[in-house]
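Worth knowing before you read on, the calculation uses all heavy atoms, side chains too, and leaves out hydrogens, waters and symmetry mates. Not measured: the values here are computed from a predicted model.
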Amino acid sequence: MPALHDFTTWQPLLRLLYVTHTETLTAPGGHVAGQISPGAWSVPLPYRPPQSGRASQVSDNQEQFDAVGRIVEALKGAGVTVSPSSWRLLLLRAVSGCI
């Protein structure tokens, strides 16, 4: 089970966010916001629609589900039961090579 305070737990999500929002995150004061809890998540990542004529599948956005899933498992493992709005992840500066 991934540890909540371990960077490797967050790295896949941070990489996806950085790739998607590089311009925003590298600007002075740039940030993105979202929420993750065991029951739901809302993270600013692009949605990949299903192929024409097919229902949406988890596999259409598997990388996102896997990245968020690591954090959900870490939250459960840490016994986090508080509202997600009371938790914040603040990244002050991107360091080349970390993500």
Side-chain angles (χ1 to χ4, degrees):
M1 179 170 301
L4 187 58
H5 295 93
D6 186 348
F7 179 77
T8 58
T9 300
W10 295 87
Q11 191 273 339
L13 178 62
L14 297 176
R15 184 180 51 75
L16 290 172
L17 288 169
Y18 187 77
V19 167
T20 304
H21 300 285
T22 302
E23 189 173 321
T24 299
L25 293 171
T26 57
H31 69 278
V32 295
Q35 66 89 21
I36 299 174
S37 68
W41 57 276
S42 174
V43 179
L45 294 171
Y47 171 75
R48 293 185 193 112
Q51 296 173 357
S52 180
R54 182 172 67 81
S56 183
Q57 306 287 314
V58 169
S59 60
D60 295 331
N61 294 283
Q62 190 68 54
E63 193 173 20
Q64 295 175 15
F65 279 97
D66 290 346
V68 170
R70 292 179 60 82
I71 296 165
V72 168
E73 290 304 312
L75 289 167
K76 289 178 183 177
V80 174
T81 58
V82 296
S83 164
S85 63
S86 65
W87 285 76
R88 299 283 186 270
L89 170 65
L90 302 174
L91 301 175
L92 302 177
R93 185 173 142 199
V95 178
S96 178
C98 283
I99 300 176

Item to check | Check: Leu4 and Thr9 side chains under 4.5 Å, non-hydrogen atoms | outcome: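 When only atoms from C-beta onward are counted, Leu4 and Thr9 do not touch, as no gap falls below 4.5 Å.
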Next on the checklist: Are the side chains of Ser37 and Leu75 in contact, using a 4.5 Å heavy-atom criterion?
Outcome noted: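 They are not in contact (no side-chain heavy atoms under 4.5 Å apart), so the answer is no.
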Next on the checklist: I need the full list of salt bridge (Lys or Arg N to Asp or Glu O under 4.0 Å) pairs touching residues 32-42, with sequence neighbours left out, sorted by first then second residue.
Outcome noted: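 Passing the test, one end in residues 32-42: no pairs.
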Checklist entry - Which residue pairs pass the salt bridge (Lys or Arg N to Asp or Glu O under 4.0 Å) test when at least one of the two sits in residues 20-41, sequence neighbours left out? => result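 Applying salt bridge (Lys or Arg N to Asp or Glu O under 4.0 Å) to every pair that reaches into residues 20-41, excluding sequence neighbours, yields nothing.
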From [X] atom [atom1] to [Y] atom [atom2], the distance as rounded to the nearest 0.5 Å:
{"X": "Gln11", "Y": "Asp6", "atom1": "CD", "atom2": "CG", "result": "10.5 Å"}
{"X": "Ile71", "Y": "Leu14", "atom1": "CD1", "atom2": "CG", "result": "7.0 Å"}
{"X": "Trp10", "Y": "Ile36", "atom1": "CH2", "atom2": "CD1", "result": "5.5 Å"}

Anything under 3.5 Å between a donor and an acceptor, one on a side chain of residues 60-70, the other on a protein residue two or more places apart or in another chain? List them.
from  : atom 1 : to    : atom 2 : distance (Å)
Asp60 : OD1    : Arg54 : NH2    : 2.6
Asp60 : OD2    : Gln57 : N      : 2.9
Asn61 : OD1    : Arg48 : N      : 2.9
Asn61 : ND2    : Arg48 : O      : 3.3
Gln62 : NE2    : Asp66 : OD1    : 2.8
Glu63 : OE2    : Arg15 : NH1    : 3.3
Glu63 : OE2    : Arg15 : NH2    : 2.6
Gln64 : NE2    : Pro46 : O      : 2.5
Arg70 : NH2    : Thr8  : O      : 3.2

Checklist entry - Side-chain heavy atoms under 4.5 angstrom apart, residues restricted to Ile, Leu, Val, Met, Phe, Trp, Tyr: same cluster for Val32 and Tyr47? => result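 No, Val32 does not connect to Tyr47 through the hydrophobic network.
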Checklist entry - Under a 4.5 Å side-chain heavy-atom rule over Ile, Leu, Val, Met, Phe, Trp and Tyr, are Val19 and Phe7 clustered together? => result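 In one cluster: no.
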Item to check | Nearest heavy-atom neighbours spanning Ala3 and Ala74 | outcome: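 Shortest heavy-atom contact: C-CB, 3.9 Å.
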